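Model, not experiment: these values are computed from the prediction. Every chain is numbered from 1 and lettered A, B, ... according to where its sequence line falls, protein lines coming before strand lines.
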Amino acid sequence: MKAEGIQAVAWLLIALPLAGAAILLLGGRRTDKWGHLLGTGMSLGAFVVGLAMFVQMLGYDPEERRRTIHLYEWFTVGHFKLDMGLLVDPLSISFVLLITGVGSLIHIYSIGYMAEDDDRRRFFAYLNLFVAAMLLLVLADNYVGLFIGWEGVGLASYLLIGFWQHKPSAATAAKKAFVVNRVGDLGMVIAISLMFATFGTVSFTQILGEGAHHLGMVEQVGQGTATAIGLLLLLGACGKSAQLPLQSWLLDAMEGPTPVSALIHAATMVTAGVYLIVRSGPIFELAPDAQLAVTIVGAATLLAGAIIGCGKDDIKKALAGSTMSQIGYMVLAAGLGPAGYVFAIAHLIAHGFFKAGLFLGAGSVMHGMKNDVNMRHYGGLRTMMVITWATFGLGYLAIIGFPGLSGFFTKEGIIAAAFDKGGTSGMILGGCALLGAAITAYYMSRVMFMTFYGERRWEEDVHPHESPKVMTVPLMLLALGSLFAGGFLVLGSFGHFLEPVVGGGEAHGFHLITAPGIAAFVLMVIGVAIAWRQYGARKVPREAPAGSFLTVAARKDLYGDAINESLIMRPGQWLTRLAVYFDNKGVDGLVNGLAAGVGGTSGRVRRLQTGFVRSYALSMFLGAAVVVAALLVVNV
Amino acid sequence: MNDFPWLSVLIALPALGALGVALLPRGRDALAKQAALGVSALVAVLTFVMAAGFDTGGSRFQFAETYDWIPAFGVHWAVGVDGVALVLILMSVILVPLVILASWTDADRFGGVVAEGESAPAKSVKTYFALVLALEAMMIGVFAATDVFLFYVFFEAMLIPVYFLIGAYGGPQRSYAAVKFLLYSLFGGLLMLVAVIALYVYGPNTFLLADLQGLNLDPTVAKWLFLGFFIAFAIKAPMVPLHTWLPDAAGQAPAGALVLIVGVLDKVGTYGMMRFCLELFPGASKWATPVVLTFAVISIIYGAVLAIGQVDLKRLVAYTSISHFGFIVLGIFAMTSQGQSGAALYMVNHGFSTGALFLIVGFLLVRRGSARVDAFGGVQKVAPLLAGAFLIAGLSGLSLPGLAPFVSEFLVLVGTFSRYQVAAVIAALGIVLAAVYILWAYQRTMNGPTTEAVAGFKDLSRRELAAVAPILAIVVALGFFPKPVLDVINPSVKHTLSVVQQTDPTPTVAEKGARP
């Protein structure tokens, strides 16, 4: 159905922050004074538009909530007609509210956090660019539009990780994030090509159908094609959502300013892979093998991320490992099909609140600790920054799944859904999810205890203090989300709200007392207890002890970088060097060899030119001969 | 208005301009520059006026003119443009005035680079600009020619101004780079000349393109003639293994000239493959397709890997172009409408994208006296505009969605995939490599602590900004609104595909409506 009213101008959502970015970037230093206000205003404006669209949607019958907005024809080539349009439905509006809501809070927080930075205006320009691209990603009504947003958020992420680009480590991390993501994009591009070759279109409506009950062309393809598309999309999702084997960039991405880690590398962008899989549900449901792959990636990453989180002394990196792990939960749920979609999205939204709150809380701690990120230098901060402690604490209770808080409802749902899958795979996946819950309780308690409890371990010249209001108010609002979002979504009617898009009506019920639920609670308590024994009851040394084999592995990100380096980077460098050598010496080596000897004196060049002529001629003839020979050999 | 000899005027105007600038008295350098800029701007305006009258639904070659030239050999002065030729001419006439603006002081400084121990010989400033205008005339001519012999004449004549631009105004090793360029090109040209003459002998004793289509050539003869044309074009739009002249030329040529050499001149190669190889020898083209696709894929990967390994920015961009030309050739020989329209659009987008990159590298060269990657570091801090322009140009070079080159690369990949899956998948690896070569170069030159040598850099001047900003604006605009250009290109591609008798593969699942 066509959109009406405020929904008909859904493009405003994208246009507002995009205009903000354009004004701030093109306006340059002239906009320094008010740039942060404009940026925040544009984000808030988009939130208001999104909220109005949401209210309007609630007024429609559930089956009529899927609305499309045609923007313009991008191109027509042959039978490939590509229209740019937006799709407003319960799934996309959920993301819109998360992105603009949490996004606006983080904009406000950044006014304080970046106050001392000379380039604050540029920072807000990039944040706005990010919001615009992310909204395009979730609102596009076709895979190419989604991909444009997908790469747009990648660009914003690149610019923001490398925001302090004079630091070589930041510049390297930014490039790494982009390049690793491009490997995922390779999957996206081939998936889109395959979809075009198969369906002749890339539109969601035509390929996927209109919601859960109106089937699209995908129903007519064989399982092989569906599996291929699914696996390629999964590769894309792995890149953007930092899932194994493309996880390595996320930990380095913490080089960016902390609000960036909160918004992009925790709450929104990194969940794009989950959105992609849930949106493409009809494809995955036809491809059990691809679904299995999704669950395996999710389960493996949720464990790997949690283990990495245990070994980090850098508060941001501990949280980054946690993000990997929590997204692993979402991906696992998304791989379970309609039974898991609602929990995947509910956990995604709840996680958006509590993880943003945790990261901003970490930022607030760093703000008071002269930007030191090492938790071994913290300790006893509870009394020095009460609001930060309280809000961080609520986020902490939410993420470990403390009964009644956000994460409890959503994570419980995922664990139960994994066991409900049945069979051996259900047991294994559910077991991984349970184990992950225990480790989560451990590493998050470790962060909590090391930072806010125990002895004060900071240096003389550090004077911890609470952050200004402009930073603590967003913390408090996000803490409300940590408290209530999960329960509101799972106990409320979020399942019914999403049902027209993702189906699976029966599966969304929540049962308070289940066997996995009890197990999860017990494991959580055990995790907290172990952490208390190690980091609460005992003194935490300022220098990290050598640690066991597992600790060392966790500190080194489970050797992810080492594997990439030895399997890809080093062979790549050798290949490059070899190719350069070959091109210089092999293809027309004589020429360049002589050139090096000549050293640029034109008089001598002239004398040697007859020699050149011969070698050029030789290399040209060789080149041409290769082409001709290949043609003759292959075809005659 | 269509009776007006638009194309002949557009060719004559810069040619006369070149003559006029060359004949200016010594010491009137400023006037020479202003005159060159004025003439090229006028050419651009006139071309746009002509293009406004182009009818996308009209006859194939529009603004066509045909006059007898050498009746004894059936040679005509025949010009006309279809959609592909039109957009390439438009790209050329937009780039020329911007190049003139960007190289305003380059000739004064002799390319900015003088080798140690070599005194900078005084070079004629006016000649530099006269050569650029002469080159513009030939570029318009070569794209507009609808007579094969006329095309050949322009194809060869173009070498002369380029030879002098590299050989007289280039870097320390300009002389041998120029000779290498000339010899490679002449070799290709010679093969083409043989093929052109043979075409005359075997054909209906005319060189008009229209009369040469649908010839009933002996398949073996067609194959050899195809090869003659193809190798000439594969040297021009350098395909591995015929590419080695380009990096050397790029390393030595002045940046402004490079924009025209790589951005426009080399397109004659891919344009020639589309126009002449496919349309004159459709059977032989299909015969050669598997091998051509293989070399195209090799060029994509090989060019990208070598770009990663370069230590000189000009050579780096040259190798990225070899990779991009691989994509263009891939799209042409995939023989689908998406592939070929994408390839034609790629030629335009690559002209702008690489043009911007070369201009910016030129700005860096003028500031530092070297284009080596390790000569820079932390430029962003002192010259944010320059770094920002470099980043946007670079991102267009890696085909970021939202910028023009993405549309064309995407179309080429999609169009190739629908017929040759393996080739498309390997080619797609190029998008990962592109991220590596662009961002690594950006990181090493623009990021990190500002080095001493860079600390005194001035940011972009108004003149430099005026030269590069329009190109970047075009790159953004075409990224979001590619339809106007594609609508002009599509009918030409449709014609080419009908000549080679290829239709697009149909999707495996046709829409049959939703099942209950």
Just by modelled atom types, is the A/G78 backbone N or O under 3.5 Å from a matching donor or acceptor in the B/N490 side chain? no

Tell me which of these, B/V493, B/T336, B/V432, has more heavy-atom pairs under 4.5 Å with chain A than the rest. B/V432

Less than 4.5 Å apart, any side-chain heavy atom of B/F410 and any of A/F196? no

Specify the closest pair of heavy atoms between B/V305 and A/A579, including all atoms of both residues, with the distance to one decimal. CG1-CB, 3.9 Å

Tell me, out of A/K167, A/Q573, A/Q165, who's got the most heavy-atom pairs with chain B below 4.5 Å. A/Q165

In terms of relative ring orientation, are A/W74 and B/F406 parallel, tilted or perpendicular, with 30° and 60° separating the classes? tilted

Is B/K494 atom NZ crowded by more than 12 heavy atoms from other residues, nucleotides or ligands, each under 6.0 Å away? no

Decide side-chain contact (heavy atoms from CB on, under 4.5 Å) for A/F75 and B/Q338; before the verdict, give the C-alpha distance in whole Å, the side-chain angles of both, and the deciding distance to 0.1 Å. CA-CA 11 Å; A/F75 59 67; B/Q338 292 84 30; over 6 Å; no

Shorter than 4.5 Å, heavy atoms on both sides: which option in A/H79, A/M195, A/R577, A/R182 has the most such pairs with chain B? A/R182

Could you walk me through whether B/I431 and A/L186 pass the side-chain contact (heavy atoms from CB on, under 4.5 Å) check? CA-CA 7 Å; B/I431 70 172; A/L186 186 67; 4.1 Å; yes

Specify the closest pair of heavy atoms between A/A197 and B/F417, including all atoms of both residues, with the distance to one decimal. CB-CD2, 4.1 Å

Measure the CG-CD1 distance between B/L413 and A/I190 for me, rounded to the nearest 0.5 Å. 8.5 Å

Segment of A/T172 engaging chain B (4.5 angstrom heavy-atom cut-off): both

Centroid separation under 6.0 Å, is that true for the rings of A/Y72 and B/F481? yes

Which atoms of B/T220 come close to chain A, meaning under 4.5 Å heavy atom to heavy atom: side chain ones, backbone ones, both, or neither? neither

Count the heavy-atom pairs under 4.5 Å between each of B/T450, B/L398, B/V407 and chain A, then report the option with the highest count. B/L398

With side-chain contact (heavy atoms from CB on, under 4.5 Å) as the criterion, how do A/F178 and B/L400 come out once you've worked through the C-alpha distance, each side chain's angles and the decisive distance to 0.1 Å? CA-CA 11 Å; A/F178 198 98; B/L400 188 85; 3.8 Å; yes

Contacting moiety of B/Q443, where chain A heavy atoms sit under 4.5 Å: side chain

When A/F147, A/Y158, A/W150 are compared by non-hydrogen pairs under 4.5 Å with chain B, the top option: A/Y158

Identify the two heavy atoms, one from A/S193 and one from B/V414, that lie closest to each other, and give their separation to 0.1 Å. OG-CG2, 3.8 Å

If you round to the nearest 0.5 Å, how far is CZ of A/F80 from OG of B/S341? 12.0 Å

Less than 4.5 Å to any heavy atom of chain A: does that hold for the side chain of B/L429, its backbone, both, or neither? both

If we ignore hydrogens and angles and just use 3.5 Å, is the side chain of B/Q380 paired with the main-chain N or O of A/H166 as donor and acceptor? no

Value for CD1 (A/I148) from CG (B/L403), rounded to nearest 0.5 Å, stands at 10.5 Å

Engaged part of B/L433 at the chain A interface, taking heavy atoms whose separation is under 4.5 Å: neither

Under 4.5 Å from a heavy atom of chain B, the part of A/V180 involved: neither

Can you tell if the side chain of A/F199 reaches within under 4.5 Å of the side chain of B/T508, non-hydrogen atoms only? no

Could you tell me the separation between the CG atom of B/L306 and the CG atom of A/D583, rounded to the nearest 0.5 Å? 4.5 Å

Quick one, B/I489 with A/V77, criterion side-chain contact (heavy atoms from CB on, under 4.5 Å). Give me CA distance, side-chain angles, the key distance, then yes/no. CA-CA 9 Å; B/I489 289 171; A/V77 177; over 6 Å; no

Between A/L25 and chain B, which part of the residue has a heavy atom less than 4.5 Å away: side chain, backbone, both or neither? neither

Quick check on the interface: out of A/L575, A/V221, A/L194, who has the most heavy-atom pairs with chain B under 4.5 Å? A/L194

Heavy-atom nearest pair, A/P168 first then B/P449, reads CG-CD, 3.9 Å

Check whether B/P505 gets within reach of chain A through its side chain, its backbone, both or neither, counting any heavy atom under 4.5 Å. backbone

With a 4.5 angstrom heavy-atom cut-off, which part of A/V189 approaches chain B: side chain, backbone, both or neither? side chain

Side chains of A/V179 and B/W440: does their closest heavy-atom pair fall under 4.5 Å? no

Name the option with the most non-hydrogen atom pairs under 4.5 Å to chain B; the candidates are A/L155, A/N181, A/T225. A/L155

Tell me the closest heavy-atom pair linking A/M217 and B/V509, and the distance in Å. CE-O, 3.4 Å

